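FYI, side chains are in, hydrogens and waters are out, and symmetry mates aren't considered; it's all heavy atoms of this structure. Given the structure is predicted, the values throughout are model-derived calculations rather than measurements.
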Amino acid sequence: MKVIIIDDEPLARELIKEYLQSYAALQIVQECNDGFEGFKAIQQHQPDLIFLDVQMPKINGFEMLELVEQPPAIIFTTAFDEYAIKAFEAHAVDYLLKPFSKERFDKAVGKFLQTGNTKAVTNDLLTEVTPRVLGAEEQQRIVVKSGNNIKILPSHEIIYIEAYDDYVKIFTNSDVYLKKKTLSYYETVLARDFLRVHRSYLIPLAQITRIEVFEKNSHVAILKNGNKIPLSRNGYAALKEKLGV
């Protein structure tokens with residue numbers, strides 16, 4: 001079975017490699033020191049298991065996973081505090097809290113060998129846990145795919161986000177990006193600067209120029225680029241409260 005190690009700490013990667021020597025069935029096909037490399041390696045090798053650090057430069061482990069359409073089984077390696085660890089435990093995805101022993105490592109690998117792929121659990125974890133552990137900087141950006149490239153999209157470049165079946169469409173002045181996430185997810189992650197004004201729309205407050213009457217008892221928000229976003233009754237009330245009007 002193919003294994004990829006994604007961790008920006010060389011010593012952590014060396015430790016995992018040393019511990020994996022006990023497992024003839026697991027073959028390391030690549031080491032990566034950030035999420036950009038990790039994503040490309042996963043696309044290339046389609047591994048059975050990855051060891052994934054959560055806190056890394058450029059993009060974190062969760063942001064990288066959001067780009068992977070078919071996630072492999074994952075053992076997280078993390079220095080997160082107890083609060084975040086409880087979230088991992090609740091979703092039955094195994095983790096290694098740094099620094100970890102060979103005994104703890106063996107327990108995690110043993111769990112993988114017994115249960116195999118944890119894709120469904122991984123997707124649940126991304127939805128439920130990610131908003132709890134993102135830092136302030138990560139709550140002001142979205143990592144997207146643009147062709148074969150990865151782009152970090154600052155929240156101030158986003159015009160609005162629209163629900164689209166099991167995905168969302170993220171609109172900027174120049175492009176539209178698809179992400180397999182719910183609008184509710186981004187409503188939580190981007191809560192500081194964005195507002196859910198309709199069941200299908202999330203907009204940044206900074207993009208709103210005015211509110212207009214559309215039809216009897218209905219309103220639209222006019223954005224800086226001229227787009228008109230419908231407001232639900234609750235969205236209209238929430239927006240007026242936010243804007244103090």
Tell me the salt bridge (Lys or Arg N to Asp or Glu O under 4.0 Å) pairs involving residues 160-170, sequence neighbours left out? none
Scan for salt bridge (Lys or Arg N to Asp or Glu O under 4.0 Å) pairs involving residues 22-39, sequence neighbours excluded, and state none if there are none. Arg13-Glu31, Lys17-Glu31, Asp34-Lys58
For Tyr19 and Asp106, run side chain to side chain donor-acceptor pair (under 3.5 Å): C-alpha distance rounded to whole Å, both residues' side-chain angles, the deciding distance at 0.1 Å, then the answer. CA-CA 8 Å; Tyr19 287 169; Asp106 288 341; over 6 Å; no
Once side-chain contact (heavy atoms from CB on, under 4.5 Å) is applied, do any residues pair with [X], and if so which ones, sequence neighbours excluded?
X: Asn225; answer: Ile159, Asn173, Leu223, Asn227
X: Lys98; answer: Asp7, Glu9, Ala12, Asp53, Thr77, Phe100
X: Leu243; answer: Ile211, Leu239, Val245

Give a yes or no on this: more than 12 heavy atoms of other residues, nucleotides or ligands lie within 6.0 Å of atom NZ of Lys102. yes
Count the heavy atoms belonging to other residues, nucleotides or ligands that lie under 6.0 Å from CZ of Phe214, then report whether that count exceeds 12. no
Co-membership, hydrophobic cluster, residues [X] and [Y], 4.5 Å side-chain:
X: Val54; Y: Ile152; value: yes
X: Leu96; Y: Tyr23; value: yes
X: Leu113; Y: Leu49; value: yes
X: Tyr177; Y: Tyr167; value: no

Backbone N/O of [Y] and side chain of [X]: donor-acceptor pair under 3.5 Å:
X: Ser101; Y: Arg104; value: yes
X: Gln207; Y: Ile203; value: no
X: Lys224; Y: Ala206; value: yes
X: His198; Y: Ser200; value: yes
X: Thr209; Y: Ile222; value: yes

Nearest-0.5 Å distance, [atom1] of residue [X] to [atom2] of residue [Y]:
X: Gln55; Y: Asp8; atom1: CD; atom2: CG; result: 9.0 Å
X: Gln44; Y: Ile4; atom1: CD; atom2: CD1; result: 8.0 Å
X: Leu26; Y: Ile16; atom1: CG; atom2: CD1; result: 12.0 Å

For Tyr164, enumerate each residue passing the side chain to side chain donor-acceptor pair (under 3.5 Å) test, keeping only those at least two apart in sequence or located in another chain. none
Which pair of heavy atoms, one from [X] and one from [Y], lies closest together, and at what distance?
X: Phe62; Y: Asn60; value: N-OD1, 2.9 Å
X: Ile59; Y: Arg141; value: CA-NH2, 3.9 Å
X: Pro230; Y: Val220; value: CA-CG1, 4.0 Å
X: Leu67; Y: Glu63; value: CG-O, 3.6 Å

Stepwise ring pair (Phe, Tyr, Trp, His ring centres under 6.0 Å) test for Phe112 and Phe51: CA-CA 11 Å; Phe112 160 70; Phe51 289 88; 8.6 Å; no
Within the 4.5 Å heavy-atom criterion, are [X] and [Y] side-chain neighbours or not?
X: Asp193; Y: Leu205; result: no
X: Val176; Y: Ile170; result: no
X: Ile75; Y: Tyr95; result: no
X: Leu20; Y: Ile28; result: yes
X: Phe39; Y: Val68; result: yes
X: Glu69; Y: Lys180; result: no
X: Val3; Y: Pro47; result: no
X: Ile50; Y: Leu65; result: yes

Sub-6.0 Å ring centroid separation between Phe194 and Tyr201: no
Do the side-chain N and O atoms of Tyr236 and Glu241 include a donor-acceptor pair separated by under 3.5 angstrom? no
Please assess Glu66 against Lys179 for the test salt bridge (charged side-chain N to carboxylate O under 4.0 Å, His left out), listing each intermediate value before the final yes or no. CA-CA 8 Å; Glu66 288 181 3; Lys179 288 270 297 196; 2.8 Å; yes
Go through the steps for Glu212 and His219 under the test side chain to side chain donor-acceptor pair (under 3.5 Å), then give the verdict. CA-CA 6 Å; Glu212 290 184 353; His219 298 80; over 6 Å; no
